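Heads up: the structure comes next, in structure tokens.
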Amino acid sequence: MSYLINLSLAHKQIVVIGGGKIAKRKVEGLLKASENCQIHIVAPEIRSDFPTAQNLTFAKKVYEKKDLLKADLIFACTNDALLNATICRDKAPFQWVNDVSDKSRSDFWNVVLTEYENFQIGIASHDGNPQETLQFKQYLEEKFR
């Protein structure tokens, strides 16, 4: 079982390895959550529709261990499970990593969010079934409409 928390990302250094669809979705969520964090994207190729913001920097290159040096949070979002595993091994003990290809290597993972009036509701399932979690989100949204 996990321990659900709400993180302040203010003044945090976040590194996202990967430039594809999942990395884009993670970055959009991070930008929505905080304007005061620094997000650094590392990928040899980055989608043309990737968001841009003042607190967002890009390095169009292959990942190297030194890319993690200043990171507080790390998102391993490549389509290469072996590279994601390498990123997980390269992190320092104080750094938290989210491996999108293997939850068992992750220190944290995102929850599904929905909003109602002045509330933000995070939803996670015990078995990590994303389809089930999305269905429950839809149920809640219909219930509170």
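Computed from a prediction, not measured in an experiment: that's the story for all the values here.
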Side-chain heavy atoms under 4.5 angstrom apart, residues restricted to Ile, Leu, Val, Met, Phe, Trp, Tyr: same cluster for [X] and [Y]?
X: I39; Y: F58; answer: yes
X: I46; Y: V42; answer: no
X: L7; Y: V27; answer: yes

[X] to [Y] - nearest heavy-atom pair and separation:
X: H11; Y: D72; result: O-OD2, 4.4 Å
X: A33; Y: L9; result: CB-CD1, 4.0 Å
X: G18; Y: A23; result: O-CB, 3.2 Å
X: S34; Y: N55; result: O-ND2, 3.7 Å
X: A43; Y: G19; result: CB-N, 3.5 Å
X: I17; Y: L68; result: CD1-CD2, 4.4 Å

**Study point:** K61: partners by side chain to side chain donor-acceptor pair (under 3.5 Å), with sequence neighbours left out
**Key:** E64, D67

Taking the side chain as every heavy atom from C-beta outward, state whether [X] and [Y] have any pair of such atoms under 4.5 Å apart.
X: I41; Y: T57; result: no
X: Y63; Y: D90; result: yes
X: I14; Y: L30; result: yes
X: D107; Y: N98; result: no
X: Q95; Y: L73; result: no
X: V111; Y: L4; result: yes
X: F108; Y: F75; result: yes
X: V16; Y: H40; result: no

Tell me whether [X] contacts the main-chain N or O of [Y] through its side chain, where contact means a donor paired with an acceptor under 3.5 Å.
X: E28; Y: P51; answer: no
X: N84; Y: T78; answer: yes
X: Q13; Y: K70; answer: no

**Study point:** Any residue meeting side-chain contact (heavy atoms from CB on, under 4.5 Å) with C88, in chain and number order, not counting sequence neighbours
**Key:** V97, D99, R105

Practice item. Just jot down the side-chain contact (heavy atoms from CB on, under 4.5 Å) partners of F136, sequence neighbours excluded, or say none. Key: I123, Y139, L140

Practice item. List in chain and number order the residues that pass salt bridge (Lys or Arg N to Asp or Glu O under 4.0 Å) with D80, two or more places apart in sequence or in another chain; answer none if no residue qualifies. Key: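 Salt bridge (Lys or Arg N to Asp or Glu O under 4.0 Å) check on D80 returns nothing, list empty.
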
Revision key, fill the gap. With sequence neighbours left out, the residues meeting salt bridge (Lys or Arg N to Asp or Glu O under 4.0 Å) with K137 are E141

Point to revise | L69: hydrophobic cluster co-members (side-chain, 4.5 Å) | key: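 Taking Ile, Leu, Val, Met, Phe, Trp and Tyr as members, L69 stands alone, with no cluster partners.
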
Point to revise | Within 6.0 angstrom of N6 CG, more than 12 heavy atoms from elsewhere | key: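 No, CG of N6 has 12 or fewer neighbouring heavy atoms, counting only those of other groups under 6.0 Å.
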
Review point. Do other residues, nucleotides or ligands put more than 12 heavy atoms under 6.0 Å from N36 CG?
Key: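 For N36, atom CG is crowded (more than 12 foreign heavy atoms under 6.0 Å).
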
**Study point:** Trace of the side-chain contact (heavy atoms from CB on, under 4.5 Å) decision for K12 with Q38
**Key:** CA-CA 6 Å; K12 298 295 183 218; Q38 294 299 312; over 6 Å; no

Check your understanding: Does the gap between the ring centers of F144 and F119 come in under 6.0 Å?
Key -> no

**Study point:** Pairwise distance NZ(K24) to SG(C77) - rounded to 0.5 angstrom
**Key:**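 That separation rounds to 13.0 Å.
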
